[in-house]
Amino acid sequence: MVHGKWIFYTDELDDVKAVLSKVYDEEIVFTDEDIYGFNIVVYENETPVCCGRLNFSNEKFSIGRLCTIPEKRGMAFADLALRMIVRKAFDMGAQNISVKTPSDASSYFERLGFKETERTETEVVMTKFEDVGGCCKN
């Protein structure tokens, strides 16, 4: 069974760390954004396979650390996490939500209704101006 679970700053971040450690080849150090943000973990059969974070700072909502463990990519787990993050932001009163992403990943966010609002040589800021709808697709 697949389900998502919100991990709040009062909860342990072990499952978030379990996903991040399988994605990144570096020591995972939690920042204040991780500790005080709204972290989502997606589970498959009680095993954490994907995570992401909803940040709220200076009256702006943003997405951070959206990732899926390598062996589970392409199975729509990140779609579920992203939709849950966007839904929570708009439930909290967001007018929009943004994500910084490498230029080559922007099409993923476009597919879910994000629009390019800023660009550098290596990164794109993608912004969504409305809540999500529909279902997750792989």
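Predicted, not measured: the structure shown is a model, and the values here were computed from it.
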The criterion is side-chain hydrogen bond (donor to acceptor under 3.5 Å, both in side chains); which residues satisfy it with [X], sequence neighbours excluded?
| X | answer |
| --- | --- |
| Glu123 | none |
| Lys72 | Glu44 |
| Ser62 | Asn55 |
| Thr47 | none |

Check for me, please, whether [X] and [Y] land in the same ILVMFWY cluster - side-chain distances under 4.5 Å, paths through other members count.
| X | Y | value |
| --- | --- | --- |
| Ile7 | Phe30 | yes |
| Ile69 | Val2 | yes |
| Val125 | Leu112 | no |

inquiry  = Taking salt bridge (Lys or Arg N to Asp or Glu O under 4.0 Å) as the cut-off, I'd like each qualifying pair that reaches into residues 15-26, sequence neighbours left out, listed once.
reply    =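 Listed once each, the pairs would be none.
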
query = Which residue pairs pass the salt bridge (Lys or Arg N to Asp or Glu O under 4.0 Å) test with at least one member in residues 51-66, sequence neighbours excluded?
reply =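 Checked against salt bridge (Lys or Arg N to Asp or Glu O under 4.0 Å) - neighbours excluded - the pairs reaching residues 51-66 are Glu33-Arg53, Asp34-Arg53, Asp34-Arg65.
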
ask   = Which pairs count as ring-ring contact (aromatic ring centres under 6.0 Å, His included) when at least one residue sits in residues 38-61, sequence neighbours excluded?
value =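 Only His3-Tyr43, Phe8-Phe38, Phe56-Phe61 qualify under ring-ring contact (aromatic ring centres under 6.0 Å, His included).
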
query = Which residue pairs satisfy the ring-ring contact (aromatic ring centres under 6.0 Å, His included) criterion with at least one member in residues 99-125, sequence neighbours excluded?
reply =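 Sorted result for residues 99-125: Phe109-Phe114.
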
Nearest-0.5 Å distance, [atom1] of residue [X] to [atom2] of residue [Y]:
| X | Y | atom1 | atom2 | result |
| --- | --- | --- | --- | --- |
| Leu20 | Leu13 | CG | CG | 9.5 Å |
| Cys50 | Leu80 | SG | CG | 7.5 Å |
| Leu66 | Ile40 | CG | CD1 | 10.5 Å |
| Arg87 | Asp131 | CZ | CG | 4.0 Å |
| Ile28 | Thr31 | CD1 | OG1 | 11.0 Å |

Qualifying residue for side chain to side chain contact (heavy atoms under 4.5 Å, CB included) with Trp6, from Ile85, Val41, Asn39 =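 The side chain to side chain contact (heavy atoms under 4.5 Å, CB included) with Trp6 is passed solely by Ile85 among Ile85, Val41, Asn39.
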
query = Who passes side chain to side chain contact (heavy atoms under 4.5 Å, CB included) against Glu116, sequence neighbours left out?
reply =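 Glu116: side chain to side chain contact (heavy atoms under 4.5 Å, CB included) contacts with Arg119, Val124, Met126.
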
request  = Of all the heavy-atom pairs spanning Asp79 and Arg111, show the shortest one and how long it is.
outcome  =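 Minimum heavy-atom separation between Asp79 and Arg111: OD1-NH2, 3.4 Å.
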
key: Thr68 versus Ala78, closest heavy-atom pair with distance   =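 Heavy atoms of Thr68 and Ala78 come nearest at OG1-CB, 3.6 Å.
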
When the side chains of residues 90-104 are checked against the rest of the protein, which donor-acceptor pairs come out under 3.5 Å, sequence neighbours left out?
| residue | atom | partner | partner atom | Å |
| --- | --- | --- | --- | --- |
| Ser98 | OG | Thr127 | OG1 | 2.9 |
| Ser103 | OG | Thr122 | O | 3.3 |

ask   = Could you go step by step and tell me if Arg73 and Glu71 meet the side chain to side chain contact (heavy atoms under 4.5 Å, CB included) rule?
value = CA-CA 6 Å; Arg73 291 183 181 151; Glu71 62 270 22; over 6 Å; no

